[in-house]
Amino acid sequence: MKKYIIYAPHKCGSTILAKILKSIFDLPRFNMTEDIVVNNDSGLMKLRFDRPTDPIKHIMGDFANDNYIFMSRNPVAITISMFYSYGYTHGYPSHITKEQYDQRRRLIQNQGLHEFVKNRLNMMANRIEHCFTIPITNKMILPYELMVSNFKSFLMELLQALDMMSAYNTTLTRWEKEFSPIEDKSDLIVAGKIKPHKRTTDIYEWKKKLDEDFLVSLLKEYPFVSEYDNYLKEWL
């Protein structure tokens, strides 16, 4: 029985992807990190979906025989998304008090976008680069940017990889509207007027939100960011 393992790190579309997978396989619930048996167009298969902090540290399965799908995203874009989420919109987790989380949020806000990106980018760049370099035989990398900008193509690639093309039309009808373009809501978020989960669909905002000199220095220090940008051109 074939096994498909999907990894979608935080801020790479993991929340919406989990919902889409649940609808594709008509699952009443979806326990992440656990193998489940489902039907695809060829019969029974095993499916695992996980959104680890770092796939390279949490990788599970048989490298030679299992089929892997990694969701990726430009690491600078991830850190920008984290800034607005952790600093303004994300609810506080249960393991700390609201007062502790509010204090952490204020620290992030006072830090500012550029400093936050500078401090977090090394971790995010390594995390995404690992998806490309990990030596797995049956591996596919699907970019978050494709899902956001061309959901039809993304869905086709995903379903072909999972041997589940029979679900294409119903899944597209159900989810395509979720990826309609939206204007950047960053200023409204910073002003405290709204707290949306979706902030922008601009996959190239990372080239616009950061000062030019700062961005140049980042690209020089982290060449993988430019490599990833070139990789996207194969998809978009």
Under the criterion side-chain hydrogen bond (donor to acceptor under 3.5 Å, both in side chains), I'd like the reasoning laid out for Tyr222 against Glu129: C-alpha separation, chi angles, the key distance, then a yes or no.
CA-CA 11 Å; Tyr222 299 97; Glu129 189 170 8; over 6 Å; no
Just so I know, are the side chains of Tyr4 and Asp66 near enough to count as touching, which here means a heavy-atom distance under 4.5 Å?
no
Correct closest heavy-atom pair for Gln100 and Thr97 would be OE1-N, 2.9 Å
Tightest non-hydrogen contact, residues Thr201 and Ile182, listed as OG1-N, 3.0 Å
Could you check Ser81 against Arg199 for side-chain hydrogen bond (donor to acceptor under 3.5 Å, both in side chains), going step by step and ending with a plain yes or no?
CA-CA 8 Å; Ser81 180; Arg199 184 179 54 84; 4.8 Å; no
Single-linkage hydrophobic cluster, 4.5 Å side-chain cutoff, Leu236 and Phe70 together
yes
Any Asn39 side-chain heavy atom under 4.5 Å of Phe25 side chain
no
What closest approach, in Å, do Arg73 and Ile128 show between heavy atoms, and which atom pair accounts for it?
O-CG1, 3.5 Å
Taking all non-hydrogen atoms of both residues into account, name the closest pair between Leu210 and Leu215 and its distance.
CD1-CD1, 4.2 Å
Under 30°, 30 to 60°, or over 60°: which ring-plane class applies to Tyr68 and Tyr7, parallel, tilted or perpendicular?
parallel
Got a salt bridge between Asp35 and Lys46, using NZ or NE/NH1/NH2 to carboxylate O under 4.0 Å?
no
Would Leu107 and Met123 show up in the same hydrophobic cluster when neighbours are defined by side-chain heavy atoms closer than 4.5 Å?
no
For ring-ring contact (aromatic ring centres under 6.0 Å, His included), just list the numbers for Phe179 and Phe154, CA-CA rounded to whole Å, side-chain angles, deciding distance to a tenth of an Å, and then say yes or no.
CA-CA 11 Å; Phe179 299 96; Phe154 172 85; 7.6 Å; no
Side chain to side chain donor-acceptor pair (under 3.5 Å) partner of Ser85, chosen from Lys195, His197, Lys11, His90:
Lys11
Do other residues, nucleotides or ligands put more than 12 heavy atoms under 6.0 Å from Asp26 CG?
no
Between Ser72 and Tyr228, does the side-chain hydrogen bond (donor to acceptor under 3.5 Å, both in side chains) criterion hold? Intermediate values first, please.
CA-CA 9 Å; Ser72 64; Tyr228 184 85; 2.9 Å; yes
So Thr200 and Lys185, side-chain hydrogen bond (donor to acceptor under 3.5 Å, both in side chains) or not? Walk me through it.
CA-CA 6 Å; Thr200 180; Lys185 302 181 186 299; over 6 Å; no
Examine Leu219 and Tyr204 and state if one hydrophobic cluster contains both, with Ile, Leu, Val, Met, Phe, Trp and Tyr joined whenever side-chain heavy atoms are less than 4.5 Å apart.
yes
Where Asn74 and Val76 come nearest, the two heavy atoms and their spacing
OD1-N, 2.9 Å
Lys209/Asp184 under salt bridge (Lys or Arg N to Asp or Glu O under 4.0 Å): CA gap, chis, key distance, verdict
CA-CA 11 Å; Lys209 269 199 164 51; Asp184 188 356; 2.4 Å; yes
Within the supplied structure, the quantity of interest is the number of heavy atoms (other residues, nucleotides, ligands) at a distance under 6.0 Å from Lys220 NZ; does it exceed 12?
no
Nearest heavy-atom neighbours spanning Ile6 and Leu47:
CD1-CD1, 3.9 Å
Under a 4.5 Å side-chain heavy-atom rule over Ile, Leu, Val, Met, Phe, Trp and Tyr, are Leu159 and Met156 clustered together?
yes
CE of Met147 to CG of Leu155: how many Å apart, nearest 0.5 Å?
11.0 Å
With respect to Tyr101, which candidate in Lys98, Gln103, Arg105 satisfies the side-chain contact (heavy atoms from CB on, under 4.5 Å) definition?
Arg105
Lys152 atom NZ, neighbour heavy-atom count above 12 within 6.0 Å:
no
